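Data block below; observations after.
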Amino acid sequence: MRLALPLLLTALALPVAAQQAEPPLPADIFAHLAANRWAFPDVDTMRCDENPHTIAFNEKRSLSWFDWYGPMTNYLGETDQQGVYDVIESDESSITMYLHDEQRRTDEGSPVVWILRLIDGGEAYCWDRTDWSPPRCTHLHIRCQPPAPIS
């Protein structure tokens with residue numbers, strides 16, 4: 001009887017554990033990012049209904065453009081509407097990129113290299129840096145829902 005109860009509890013817990021697993025990621029990270037609008041959920045002027053952004057890639061997937069619908073304030077405190085990155089490498093869940101004209105530096109004095117990490121089954125992304133250890137996930141962006149069809 002004592003053995004049966006732990007086995008029963010383990011069997012009941014398995015479906016719950018499976019439900020908490022990370023949803024599968026889209027098959028093509030580049031196509032998924034380019035097909036959607038993205039926004040900062042915690043910044044009033046950069047939410048989905050206020051000032052979302054799109055992400056585009058060239059055919060070789062060696063360049064990316066982050067374009068905001070309207071002006072925004074970049075990390076330098078300047079008004080901007082676009083960020084351009086060189087794509088260094090990618091895998092199924094991340095793209096490592098270098099921001100053109102990057103001013104921030106690592107502790108060693110090198111320009112910061114960013115890692116876009118797709119999370120929550122493609123419903124969000126965040127930023128990490130190649131010099132951060134352990135990896136971090138900062139500046140969360142969410143996928144904006146498409147507008148409701150008008151009929």
Side-chain angles (χ1 to χ4, degrees), residues 9-76 79-108 110-151:
L9 292 175
T10 301
L12 291 173
L14 285 176
V16 173
Q19 291 173 0
Q20 294 174 351
E22 177 87 10
L25 291 171
D28 182 340
I29 187 172
F30 292 93
H32 180 73
L33 289 166
N36 289 286
R37 294 178 309 129
W38 304 90
F40 274 120
D42 299 326
V43 179
D44 289 337
T45 59
M46 297 178 80
R47 292 186 178 153
C48 289
D49 60 351
E50 189 76 24
N51 191 11
H53 64 278
T54 58
I55 305 171
F57 299 93
N58 66 349
E59 190 175 317
K60 293 181 179 181
R61 297 179 170 185
S62 61
L63 283 173
S64 65
W65 295 268
F66 288 63
D67 289 300
W68 277 261
Y69 282 42
M72 59 88 169
T73 303
N74 68 19
Y75 73 95
L76 294 170
T79 300
D80 203 349
Q81 207 163 335
Q82 184 182 69
V84 181
Y85 292 79
D86 289 323
V87 175
I88 299 168
E89 63 184 9
S90 66
D91 60 30
E92 66 278 347
S93 65
S94 68
I95 303 173
T96 303
M97 298 184 264
Y98 172 76
L99 176 63
H100 288 194
D101 301 318
E102 176 66 75
Q103 303 287 315
R104 293 163 286 197
R105 298 286 185 249
T106 65
D107 290 342
E108 290 77 32
S110 301
V112 167
V113 175
W114 294 97
I115 306 169
L116 182 152
R117 295 196 183 282
L118 201 57
I119 57 174
D120 295 333
E123 291 300 310
Y125 75 83
C126 62
W127 290 101
D128 191 1
R129 288 178 21 178
T130 56
D131 63 314
W132 284 346
S133 182
R136 301 175 201 163
C137 203
T138 186
H139 296 96
L140 176 72
H141 292 74
I142 59 169
R143 185 174 71 87
C144 300
Q145 297 302 315
I150 299 173
S151 55

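Predicted model, so just to flag it, every value in this text is computed and none were measured.
Aromatic ring centres of Tyr85 and His100 lie farther apart than the 6.0 Å criterion allows. A distance of 6.0 Å or more separates the ring centres of Tyr75 and Trp114.
Residues satisfying the ring-ring contact (aromatic ring centres under 6.0 Å, His included) criterion with Tyr69, sequence neighbours excluded, are absent altogether. Residues meeting the salt bridge (charged side-chain N to carboxylate O under 4.0 Å, His left out) test with Arg129, sequence neighbours left out: Asp131. Every residue was checked against the salt bridge (charged side-chain N to carboxylate O under 4.0 Å, His left out) condition with Glu50, not counting sequence neighbours, and none meets it.
For the residue pair Leu140 and Phe40, the shortest heavy atom distance occurs at O-CD2, 3.5 Å. Nearest approach of Trp132 to Trp127, heavy atoms of both residues: CZ3-O, 4.0 Å. Scanning both residues, Ile29 and Ser94, for their nearest heavy atoms gives CD1-N, 3.5 Å. The minimum heavy-atom distance linking Ser64 with Met97 is given by the pair OG-SD, 3.3 Å. For the residue pair Arg105 and Glu102, the shortest heavy atom distance occurs at NH1-O, 3.3 Å. Between Ala124 and Leu118, the shortest heavy-atom distance links the atoms O-CD1, 3.5 Å.
Checked by atom type and distance alone, the side chain of Asn58 pairs as donor or acceptor with a backbone atom of Leu63 at under 3.5 Å. Looking only at distances, no side-chain donor or acceptor of Gln82 sits under 3.5 Å from a matching main-chain atom of Asp67. Judged purely by atom type and a 3.5 angstrom limit, Asp28 uses its side chain to pair as donor or acceptor with the backbone of Phe30. Here the side chain of His32 pairs a donor or acceptor atom with the backbone of Gly122 at under 3.5 angstrom.
A 4.5 Å side-chain heavy-atom check between Leu33 and Trp38 finds at least one atom pair inside the cut-off. Contact annotation: the side chain of Thr96 never approaches that of Val87 to less than 4.5 Å [non-hydrogen atoms, C-beta and beyond]. No side-chain heavy atom of Tyr98 sits under 4.5 Å from any side-chain heavy atom of Val84. Side-chain contact check for Asp128 versus Thr138: every heavy-atom pair is 4.5 Å or farther apart. In this structure the side chain of Met72 never reaches within 4.5 angstrom of the side chain of His53, judged on heavy atoms. Between Cys126 and Ile119 there is a side-chain heavy-atom pair separated by less than 4.5 Å. Under the 4.5 Å side-chain criterion, counting only non-hydrogen atoms from C-beta, Phe57 is in contact with Ile95.
The 12-atom threshold is not exceeded at CG of Asp101, counting heavy atoms of other residues, nucleotides or ligands nearer than 6.0 Å.
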Worked verdict on Asp80 versus Thr73 for side chain to side chain contact (heavy atoms under 4.5 Å, CB included): CA-CA 6 Å; Asp80 203 349; Thr73 303; over 6 Å; no
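Expressed to the nearest 0.5 Å, how far NE2 of His139 lies from CG of Asp42 amounts to 10.5 Å. Atom CD1 of Ile115 sits about 12.0 Å away from atom OG of Ser90, to the nearest 0.5 Å. Distance check, rounded to the nearest 0.5 Å: OG1 of Thr79 to CG of Asn74 gives 8.0 Å. Atoms CZ and CG, from Arg143 and Asn36 in turn, are 5.0 Å apart once rounded to the nearest 0.5 Å.
In summary, of the residues considered (Ile55, Ile142, Thr54), a side chain to side chain contact (heavy atoms under 4.5 Å, CB included) with Arg37 occurs for Thr54 alone. When each of Asn51, Asp49, Asp44, Thr45 is paired with Arg47, the side chain to side chain donor-acceptor pair (under 3.5 Å) condition holds for Asp44 and for no other.
Seen from the ring of Tyr125, Arg117 does not count as a face-on cation partner, given the 6.0 Å and 45° thresholds.
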